[in-house]
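Keep in mind that the numbers below use all heavy atoms, side chains included, and drop hydrogens, waters and symmetry copies. Just follow the structure's listing: the first ligand is 1, and inside any ligand the first atom is 1.
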Amino acid sequence: MEDISVPFSEVHYLTIEKVGNVPVTKGNFQSLPAHVQTWLAQMIQLCTPKAVYISDGSQEEATIVTKKLVDYGQLSPLKKYENCYICRTDPRDVARVESKTFIVTNDKHSSVPHSREGAKCILGLWMSPQDISKELDTRFPGCMTGRTLMVIPFSMGPVGSPLSKIGVQVTDSYYVLLSMRVMTRVSPDIWRHLAHGEEFVRCLHSVGVPLPAAQPIVNNWPCNPEKTMIVHFPDPRKVMSFGSGYGGNSLLGKKCFALRIAGRIAKDEGWLAEHMLIMSITNPKGEEKFIAAAFPSACGKTNLAMLTPTIPGYTVQCVGDDIAWMRFDKKTGELRAINPEAGFFGVAPGTNMKTNPNAILTCLKNSIFTNVGETADSGFYWEGLEDETPAGTEVTSWTGEKYKLGEDKTKKSSHPNARFCCPARQCPIIHSRWEDPAGVPISAIIFGGRRPEGVPLVIESLNWKHGVFLASQLKSESTAAAEFTGKQIMHDPFAMRPFVGYNFGHYIQHWLDFEKDPNNKLPKIFHVNWFRLDENNKFLWPGFGDNIRVLDWIIRRVNNEDVADVSPVGLLPKKGSINLDGLDINWEKLLSIPKDYWTGDIEETLTWLDGQLGDDLPQDIRAEIQKQKDRISQLN
Ligand code: TSX
Ligand code: MN
């Protein structure tokens, strides 16, 4: 199979720049900062590409690369929209692979907690530097043979903001180049910000298929599933990812950098890198508040980030849908947040003009769709779009199967983890300050889970420590995005279980420590559950746009309105304090705290946290658990 690389072929061979014996087909290697050159030269020597290409992130570049990928057959245009493309992957490469995601440090317990014997730690995988070296030595040497090594300079966060961080990704995937352009800020300006030897996160990625390929390439999607491995080195701020071209495995700015590596940097520097959306809510009085919210997968985080309120007079604006970098302002004490990303990489199935019109409107141009279906008129299609697509429409599924909508209900158009990748600036409700280098001030932090039983619509924490406890015991009915299937309630503390780059006990302690600085204006912490069921398995809460009613109550609490009552599990809304106009809600069932359920749940939480974290579970959290136990025992 031919390499599709080297967009610029008409170069004068005699004048072409070389690194070692490898030609540079775009960009000027010698002009890069010296410490970047040093690292790149090592990567080039390791991966032995046939050419080096320095990306400038421009539209011209994207147009050329896109055409190459269309000619190769990895992308095809969705002609119904402007500059949109569909991509179908090798069906073996469709999601993040947690079992192959490692954190490497000299000391095991700076990466993972001292789990109790017999408890399998699911809060990160550690490997020793010696063992990982052996693994990497069987993968990276020569891995780009016959391919082009691309160099992508990017910023997480607005270029030049004091809250932003710089990375450079090396990759042999053009799909990654195009996606990184959407999800991060790729620009030659980055080089100026590294001109004085400034730190950057070193990201190396290879699909792991040197040419000629040893094995058949499926769907024109080179990957190496047997050897996939995503490796983090938090101390030297490095990521090495091999074998997968998909999402979080390959767009290294996102989960690898902005959560795992940045989380560790944040611990060292005294800030927070969290799996949170950022949104603003303006009430009918014109008062605006920003909130951050963390949910495990399959809870509709992107839908909440772009909510369309059902009650008049409220406005929601979106700052980000996945990651928040936050720090307490030294002067004012406010918690200020930026969205380090520049795009949305959202789960497509379930997204439609009812559940999330703003997401649909965001991805009608300049977007890439991966593992979705395609309609005969060259549009996208996925499960959830039934009501917006005429029955009888012919669909080609992500696996290439053709069928007519409505004829065979067992046919699936899309992989459950199919994604849209679109620029955030196209979102109709993107906040005017979404790229404010100073960030936005956060008034409340919300945690949520998919909890079919026992857990009320909303709980306010009693105080900061109790809030950190609420986040530590976060659980949710399981997800489509990870490799776990079946309906189980899984622990996902802080919605960070797959994304923490260091010892989870230290992570919880880091959160607790923010209380120690009296200058910090600590936001109130809440827990929400849109997913409680009644005895007939019917949702007790309409969710979606009606969630504004809960957000409104949360903002009242931020303003210290007297609308909450103390309960053993936290503060609950007083009856009548949530606007339920026009809804038919069973308040008692939605807000009840059944003693049996909570008695069992707190016991299970303690067992789980103690098993996972052992002596790394902070004493403050043990104390919160004991206090909550005592309060629950007094329930009727
Ligand atoms: O995203 C969701 N949100 C948050 C929206 C801002 N979903 C979809 C979850 C999968 C990603 C929800 N599903 C929400 C919700 O608040 N609530 C539910 C559960 C639900 C589903 C359908 C109905 C009601 C609740 N519809 C009817 O009862 C008609
Ligand atoms: Mn996420």
> Between Phe257 and Trp325, how do the two ring planes meet: parallel, tilted or perpendicular, split at 30° and 60°?
Replying inline: tilted
Would you mind listing each N/O atom of ligand 1 next to any protein N/O under 3.5 Å, plus the distance?
| unit_1 | atom_1 | unit_2 | atom_2 | d |
| --- | --- | --- | --- | --- |
| ligand 1 | 1 (O) | Asn303 | ND2 | 2.8 |
| ligand 1 | 16 (O) | Phe544 | N | 2.9 |
| ligand 1 | 16 (O) | Asn547 | ND2 | 2.9 |

> Is the shortest side-chain N to carboxylate O distance from Asp581 to Arg549 below 4.0 Å?
Replying inline: no
> What's within reach of the Mn ion (ligand 2), meaning protein N/O/S atoms under 2.8 Å?
Replying inline: Lys255 NZ, His275 NE2, Asp322 OD1
> In terms of ring plane angle, is the pair Tyr81 and Phe369 parallel, tilted or perpendicular, where the classes change at 30° and 60°?
Replying inline: tilted
>> Quick one about Trp553 and Ser577 (side-chain donor to acceptor, distance below 3.5 Å, no hydrogens or angles considered), yes or no?
In response: yes
> When the ring planes of Phe514 and Trp511 are compared, do they come out parallel, tilted or perpendicular, using 30° and 60° as the limits?
Replying inline: perpendicular
>> If you take the centroid of each ring, where Trp contributes its six-membered ring, are Phe494 and Phe499 closer together than 6.0 Å?
In response: no
> How about Ser244 and Asp93: does a side-chain donor come under 3.5 Å of a side-chain acceptor?
Replying inline: yes
> Does Phe295 have Lys301 sitting over its ring (NZ/CZ under 6.0 Å from centre, angle to axis within 45°)?
Replying inline: no
>> I'd like to know if Lys412 pairs up with Glu383 as an ion pair, taking the criterion as any Lys NZ or Arg NE/NH1/NH2 lying under 4.0 Å from an Asp or Glu carboxylate oxygen.
In response: no
